[in-house]
Amino acid sequence: MGLLSIIRKIKRKEKEIRILMVGLDNSGKTTIVLRINGEDTSVVSPTLGFNIKTIIYQKYTLNIWDVGGQKTIRSYWRNYFEQTDGLVWVVDSSDLRRLEDCKAELDNLLKEERLSGSSLLILANKQDIKGALAPEEIAKVLNLEAMDKTRHWQIVGCSAFTGEGLLEGFDWLVQDIASRIYVLD
Amino acid sequence: MENEEEVALSSNPNSNLLVADPSLQKKRQSMLDRLSNRHQTRLDNSLTHRSAESDSSSSPSFESTSTFLSRFSNSKSSIESQLAQCQLCDPTQVKSHLDQISSSIFDLEKLVAENSYFLPSYEVRSSLKTTSDLRQSLEFLSAELLPKKKFSFRNKPTRKDPIAEPKGEEKEQEPEKKSGFRVPDSPGFRNKKGEILVHNFKGSEVGEFSISDLDSCEVRLMGSVRALFIHRLRNCRLYTGPVTGSVLVDGVEGCVFVMASHQIRIHNAKMSDFYLRVRSRPIIEDSCGVRFAPYCLTYKGIEEELREASLDEETEKWSNVDDFLWLRAVQSPNWSVLPENERLGLVDISSSIESQLAQYQLYDPTQVKSHLDQFSSSISDLEKLVAYNSYFLPSYEVRSSLKTMSDLRRSLKVLSTELLPKKKFSFRNKPTRKDPIIEPKEEQKEQEPEKKSGFQVPNSPCFWNKK
Ligand SMILES: Nc1nc2c(ncn2[C@@H]2O[C@H](COP(=O)(O)OP(=O)(O)OP(=O)(O)O)[C@@H](O)[C@H]2O)c(=O)[nH]1
Ligand SMILES: [Mg+2]
C-alpha cells in the first residue's frame, strides 16, 4: 500500500472516535447518550448488555459504547477496552451511599493497561437533584487528584434530565482526544 | 469520497509549511505513524475473520434471532477449535495464533453488541457469558503458552507515554488516602424498629430520599420525589407515590413494596412482594422468592401526582421482569407473578381504617387476637352500614363498597393467618418476629439459615453471586 493511499484511508477513518461509557448501574449512562442524541428519554430500561450509538459530533464520528453497569454485567466491561480513545465514567451524584463502590470500580478500571492511553471524562450526573454532591465534592470523594499524572482527565457536573453540562463534557473529551491523535487538525 | 479527502488534505494550509519546517515534519510523520498504527489495529480486529464483508466498520445486523444464533454458534465452535489447536502449534507461531484468536473473539463480541438491541434478553446474557468464557480460556492459554511475559493483547498505539512504567504490585498496595471529605447523609428514614414513618414530599423541592436499616416498620411516602434509595429493610411495608427517576432496592427481606416509578432496580431481595407501576422493565439481581403484582395504592391527590409524573397509565411492565442472573428462555425461578387471590386490595394510606389495619402488624403479639376480633367486628359494622343503605345508593356505589369490604375482609384474613400462630404458615413477611438487629448485609447473606421462626421456609431455587 502506497503512502498516499494509506493517508487516504486514514483520512476516512481518522474522524472516528471510539468512546466507552461505564459507571455503576443507575448512574444515567443510557439516558445521557439518548439525551446527546436528541432521543426520547422517558422510557429507559436498565441496560442488559450494551447500546452502541454512532453520533456525528462536530467533524467527528463518535462511536459510543454504552455498557450496562449492573453488577452482573460489570465483569464484561473488560471485553470492550480494546481501542478505546475516550473513557466516560458516569457518577450518580445523588447516590451517596454507593460512592465508595463507585470509587473502587473506577480505581479498578484505571489499573487496566489497555485503557491507559485513553482520555477520561468523569460526568458527575444528576446535578438537578437536590442533595446531589457538586462535581468538586465528587472529585474529592473519588480522590481524582491522586490519579496517574500521565492521564488526561476532566470532571464535569451535568444532568441528563436537563441536558446541562453534557456538551461541555463531550467538547472537552473530543478536543482532548483530537489533540492527542490528530495534532495537525 | 476519496477525492474529497484528497482535496481536503492538499488544501490544508499547513501542508506546505510542513514540508519546510523540519520539526513540524517530524511531528507530522509521527502523527501518520500513530494513525496508521491505530487504523491497522482496527482493521485487524474487525476483519481478520470476516472475509466476506468488505466494509470493515460495521458488521451486519440480522434482526433475526435464529440467524444470529447460528452465526454465533459457528464462530464459537471455530474459536474453540482454534483454542484447541493452539496447544499443538509451532511454538514460534503461538503468539500470532493467540492474537488471531483474540481478534476472532473481539469480532464475536462485536456481533453480540450490534445485534443485542433485538435479541431476547436471556440470549444477550448467555452470549455475553459465552464470549467472556472464551476470553478467559484464551487468557489461561496465553499464560500457559507464553510464559514469563504477561500476555498483552496488542500494541497500544494511542498511548501517550512510550516508556510507561510497569503497572502491577506497587499499584495494588497504594494506600487509600482519605480525602478528608465527609459524605453527608441524605434525607430519609434510618435505623428504626416497629414504627410507622410518614413523609409527604408535597411542596418540598424535588430531591432524593433514602430509607435504610428498618425492621418491622411501615413507611408511607406521599407526593413525588426524584430518586429513592432503599437499603436493608426487614419485615417492612413501604408505600410510595410517584418516583420520577428510579428506585434502587438493595438487601431486603420479608417486605411488601407498593411503588410507582420510572425505573425499578432490585438487588439482594428475598421473600418479598412488589406491587409496581413502572415505565420500564423492573430488574432483579441476586434475588429470590420475589413476587410481582400491579400497583395498588391510593391516597388523597394521588391521581394528579401520578399524572404529572407520567405514571397514570398501567403499562403492565410490572410483570415483565428481567432477572440479570438468568440465562435461559424458561421463566426465572427467582421471581413470579403474585397469584391474584393472594394480592392486597387497594391500599389507602390516607384512610384511618387501613392505617389501623397496618398498625396491627406492629402490636404486642399477646394482644393480637383481641385486636383482630375487634377489627373483624368493625368490618361487620361497615357491612351492615352498606346493607342498610343500599336501597337508595347508585348501584356502582354498592358494588364498590362491597368490593372495599371484601378487600378488608381479605386483608384481615391474611393478617390473621400471619399473626396467629399454629395457622398455616405463609412465607410472606413475619411481622411479629423479635430480633431487632439488622446485621450488615455481607455477613447476613452468607450464613443466615432460615431457622428464626421455627418454620421451615421452603427453599426456592436461587442463583447467587455468580461470576
Ligand atoms: N433526576 C435525574 N435522573 C436521572 C438523570 N440521569 C438519569 N436519571 C435517571 O436515573 C435512572 C437510571 O438511568 P439509566 O440511564 O438507565 O442508567 P444507566 O447508567 O444506563 O444504568 P445501567 O444501564 O444499569 O448501567 C433513570 O431512571 C433515569 O431517568 C439526571 O441527570 N437527573
Ligand atoms: Mg444503561
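Below, read A as the first sequence line, B as the second, and so on, with proteins coming before strands; counting in each chain starts at 1.
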K.L.:
Examine whether an atom of A/Ser119 lies under 4.5 Å from a heavy atom of chain B, and if so say whether it belongs to the side chain, the backbone or both; otherwise answer neither.
P.N.:
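For A/Ser119, neither part sits under 4.5 Å from chain B.
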K.L.:
Could you look at A/Leu99 and say if it's the side chain, the backbone, both or neither that has a heavy atom under 4.5 Å from chain B?
P.N.:
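Contact with chain B: side chain only.
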K.L.:
Roughly how far, to the nearest 0.5 Å, is the CG atom of B/Leu248 from the CG atom of A/Leu24?
P.N.:
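Rounded to the nearest 0.5 Å, the CG-CG separation comes out at 9.5 Å.
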K.L.:
Could you look at B/Val225 and say if it's the side chain, the backbone, both or neither that has a heavy atom under 4.5 Å from chain A?
P.N.:
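Neither part.
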K.L.:
Could you check which of B/Arg265, B/Arg226, B/His262 has the highest count of heavy-atom pairs closer than 4.5 Å to chain A?
P.N.:
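Counting heavy-atom pairs under 4.5 Å, the top option is B/Arg265.
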K.L.:
Is a side-chain N or O of A/Ser45 found less than 3.5 angstrom from the main chain of B/Arg281, in a donor-acceptor match?
P.N.:
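Side chain of A/Ser45 to backbone of B/Arg281: a pair is present.
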K.L.:
Indicate yes or no: at least one non-hydrogen side-chain atom of B/Tyr117 is less than 4.5 angstrom from one of A/Asn51.
P.N.:
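Side chain of B/Tyr117 against side chain of A/Asn51, heavy atoms only: no contact under 4.5 Å found.
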K.L.:
Closest approach of B/Val124 and A/Gly49, non-hydrogen atoms and distance?
P.N.:
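Shortest heavy-atom contact: CG1-CA, 4.1 Å.
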K.L.:
Salt bridge or not for A/Arg97 and B/Asp250, using N-O below 4.0 Å?
P.N.:
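Yes, A/Arg97 and B/Asp250 are salt-bridged.
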K.L.:
Do A/Asp25 and B/Glu285 touch side chain to side chain, with heavy atoms closer than 4.5 Å?
P.N.:
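A/Asp25 vs B/Glu285: side chains apart.
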K.L.:
Taking atom CD of B/Gln263 and atom OG1 of A/Thr30, what is their separation to the nearest 0.5 Å?
P.N.:
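That separation rounds to 8.0 Å.
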K.L.:
Testing the basics here: between A/Tyr80 and B/Glu109, what is the closest heavy-atom pair and its distance to 0.1 Å?
P.N.:
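Between these two residues, the closest heavy atoms are OH-CB, 3.8 Å.
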K.L.:
Answer yes or no: is there a side-chain heavy-atom contact under 4.5 Å between A/Asn26 and B/Phe229?
P.N.:
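Yes; the side chains approach each other to less than 4.5 Å.
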K.L.:
Quick check: do B/Ser280 and A/Val44 have side-chain heavy atoms less than 4.5 Å from each other?
P.N.:
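The answer is no, as the side chains (C-beta and beyond) never meet within the 4.5 Å cut-off.
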K.L.:
With respect to chain B, which residue among A/Glu145, A/Lys126, A/Arg78 yields the maximal number of heavy-atom pairs within a distance under 4.5 Å?
P.N.:
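Highest number of pairs under 4.5 Å: A/Arg78.
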K.L.:
Taking all heavy atoms of B/Ala113 and all of A/Trp65, pick out the closest pair and write down the distance.
P.N.:
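For B/Ala113 versus A/Trp65, the nearest heavy atoms are CB-CZ3, 3.6 Å.
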K.L.:
So, B/Glu208 side chain and A/Asp95 main chain: donor-acceptor pair closer than 3.5 Å or not?
P.N.:
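The answer is no, because no donor-acceptor pair under 3.5 Å joins these two groups.
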K.L.:
In plain terms, say whether B/Lys110 and A/Glu82 are close enough for a salt bridge, that is, a side-chain N and a carboxylate O under 4.0 Å apart.
P.N.:
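Result for this pair is no, no salt bridge flagged.
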K.L.:
Where is the tightest heavy-atom contact between B/Leu128 and A/Leu48, given as atom of each residue plus distance?
P.N.:
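Nearest heavy atoms, B/Leu128 then A/Leu48: CD1-O, 3.9 Å.
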K.L.:
Using a 4.5 Å cut-off on heavy atoms from C-beta on, say whether the side chain of A/Lys71 contacts that of B/Phe324.
P.N.:
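When only atoms from C-beta onward are counted, A/Lys71 and B/Phe324 do not touch, as no gap falls below 4.5 Å.
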K.L.:
Using heavy-atom distances under 4.5 Å, tell me whether B/Pro184 contacts chain A through its side chain, its backbone, both, or neither.
P.N.:
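Both parts, backbone and side chain.
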K.L.:
Please examine the side chains of B/Ser132 and A/Asn79, heavy atoms only from C-beta on, and report whether any two atoms are closer than 4.5 Å.
P.N.:
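A side-chain contact exists here, since the closest heavy-atom pair is under 4.5 Å.
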K.L.:
Under the side-chain contact (heavy atoms from CB on, under 4.5 Å) rule, what do A/Tyr76 and B/Arg135 come out as? Steps first, then yes or no, please.
P.N.:
CA-CA 10 Å; A/Tyr76 302 125; B/Arg135 273 248 175 259; over 6 Å; no
K.L.:
Using non-hydrogen atoms only, which part of A/Ser42 is less than 4.5 Å away from chain B: side chain, backbone, both, or neither?
P.N.:
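Both parts, backbone and side chain.
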K.L.:
For B/Ser116, which atoms come within 4.5 Å of any heavy atom of chain A: side chain, backbone, both, or neither?
P.N.:
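Contact with chain A involves the side chain of B/Ser116 alone.
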K.L.:
How many angstroms lie between CZ in B/Phe106 and CD in A/Gln83, if you round to the nearest 0.5 Å?
P.N.:
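Between atom CZ of B/Phe106 and atom CD of A/Gln83 there are 4.5 Å.
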